[in-house]
There are 2 protein chains.
Amino acid sequence: MQLCVLSMSPAIAKTSEKDIVAAARRMIRALGVDALTLRDVAEAVGIRAPSLYKRFDSKSALLQAVKADVLTRFETALRQAGTGQPPALAFTRMAAAYREFGTRRPEIYRLIHRPELKAEGLEAERASLVPAFEIITALVGPAHALAAARCTTSFLHGFVSMEIDGNFQQGGSTDEAFTFSVYVILQGLVNSASA
Amino acid sequence: MQLCVLSMSPAIAKTSEKDIVAAARRMIRALGVDALTLRDVAEAVGIRAPSLYKRFDSKSALLQAVKADVLTRFETALRQAGTGQPPALAFTRMAAAYREFGTRRPEIYRLIHRPELKAEGLEAERASLVPAFEIITALVGPAHALAAARCTTSFLHGFVSMEIDGNFQQGGSTDEAFTFSVYVILQGLVNSASA
DNA sequence: ACCTGAACACCGTTCAAGT
DNA sequence: ACCTGAACACCGTTCAAGT
């Protein structure tokens, strides 16, 4: 009986959700999300495009899974940068880690800020900025923490976006502008907290 | 002879570049750039999709023209907000005008920050931030103007992006966070300029 | 249970043909 | 000179059929 069942065994899985997400992430990093096709992702893991629908409801669902995966790595990078430092140093280190994550993987950074990819990413998106929020709370106290975190993450997101999009066209040192800006915001936050 | 030429006159133009750009802009504002199809744009101006190629080389070229058109309006809005005010007031007014432009037209704001639309937009993109640069130069002096402008425009772009993308999820007043942030950066810039 | 080829609707784009 | 229908390659997605 069992032998019979085994001989009638269904098709053996050639891949997994994890494999597919990893392949898609690599392809996005290399080519950008706009150039990603399901036929290519499928080929990279040794199956055909229709089979992807056994694991993900749609292309959007796959991209959401990639985004959630990346956001976990992002959160880890931010947390490692700030732990065990005094607040002001943690702040500048976290800022530098944020920028490095984005500039090293511009296409991945763009992916995690695609507004249409929200469902799975919403909680991961919030969680990814928790390390930054904790550092800023230590810096300015709980009363201004939320506004200060929004100030800081807005600046970091805007700077990295403009840098990877090539929107700093006026010459000058981008590194210098970043260092100056982080200093300006840090000073402004500390002053506002004591005011 | 002339009559003959006139009677053989070619098809009369049903539309113009300007009409097409305006129609595309309205449709993007309503539906977003991802939902825009050339067949729909063509229908909106009374022609068929292939005829668009008599006026624009590609969909990308049309989007670049829309982007350049919008950036001109954006520059005007920023300039009007700051003119004739003392530097610090011009700064906060310009910041508010920037935010209002983006939050009132989120899909248009996203369009002008599409990194793949660069060719026609590059110069217009630079020009659109000239009013901000002038205000900031008046505020901090020429030595720090470039870095200060990058700090400010990075923050503004990041804040507006996160706001329209729904990334401020923790409750609290977004208006308050914006006012606080503009104040923090203004104070930080003024202090750094005198340092 | 997972995989597949064939097919569908839709898109940007090309082109020969019309006036 | 501008417009058009037909067609092409490509895409996400569906589905009946295979093991």
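- In this structure, the nucleotide among C/dT14, C/dC2, D/dT13 sitting nearest to the side chain of A/A13 is C/dC2.
- Rounded to whole Å, the distance from CD1 on B/I47 to C1' on D/dG5 is 14 Å.
- Counting any heavy atom pair closer than 4.0 Å across all strands shown, A/L36 reaches sugar-phosphate atoms only and no base atom.
- Atom CG of A/D34 and atom C1' of D/dC10 are 15 Å apart (whole Å).
- Regarding contacts with the backbone of C/dT4, a side-chain N or O of A/S51 is found under 4.0 angstrom from either OP1 or OP2.
- B/T76 and B/Q80 share no side-chain donor-acceptor pair at under 3.5 Å.
- When distances run from any side-chain atom of B/R55 to the nucleotides D/dC3, C/dG12, C/dC3, the shortest one goes to D/dC3.
- The hydrophobic cluster of A/V130 has no other members, since no ILVMFWY side-chain heavy atom comes under 4.5 Å of it.
- A cation-pi arrangement is absent between A/R104 and A/F101, since the terminal nitrogen or guanidinium carbon is not both under 6.0 Å from the aromatic centre and inside a 45° cone about the axis.
- Between A/E43 atom CD and D/dC11 atom C1' the separation is 15 Å, expressed in whole Å.
- In this structure, the CD atom of B/E116 is 14 Å from the P atom of C/dG12, given to the nearest Å.
- Across all strands shown, B/K54 has heavy atoms under 4.0 Å from base atoms, whether or not it also approaches the sugar-phosphate.
- Between the CZ atom of B/F56 and the P atom of D/dC2 there is a distance of 13 Å, given to the nearest Å.
- Of all nucleotides present, only D/dA7 satisfies the Watson-Crick or G-U wobble test against C/dT13, with each distance under 3.5 Å.
- When the nucleotides C/dC3, C/dT13, D/dT14 are ranked by their closest atom to the side chain of A/K14, C/dC3 comes out on top.
- Judged by Watson-Crick or G-U wobble contacts below 3.5 Å, the nucleotide C/dT19 has D/dA1 as its partner.
- The nucleotide whose nearest atom lies closest to any side-chain atom of B/K59 is, among D/dT4, C/dC3, C/dG12, C/dG12.
- Listed by first and then second residue, the side-chain hydrogen bond (donor to acceptor under 3.5 Å, both in side chains) pairs that reach into residues 128-138 of chain B come to none, sequence neighbours excluded.
- Looking at A/R48, its side chain has no donor and acceptor atom pair within 3.5 Å of the base of C/dG5.
- Nucleotides of DNA chain D nearest to B/G46 and A/T37 differ in position, and the one nearer the 5' end is that of B/G46.
- Atom CD1 in A/I12 sits about 15 Å away from atom P in C/dA1, given to the nearest Å.
- Across D/dG12, C/dG12, C/dC3, the shortest atom-to-atom separation from the side chain of A/L38 is found for D/dG12.
- With a 6.0 Å cutoff to the six-membered ring centre and a 45° limit on the axis angle, B/R99 does not count as a cation-pi contact of B/F159.
- Rounding to whole angstrom units, OH of residue A/Y53 and P of D/dC11 are separated by 12 Å.
- Nucleotide D/dT4 holds its P atom 14 Å from the CZ atom of B/R39, rounded to whole Å.
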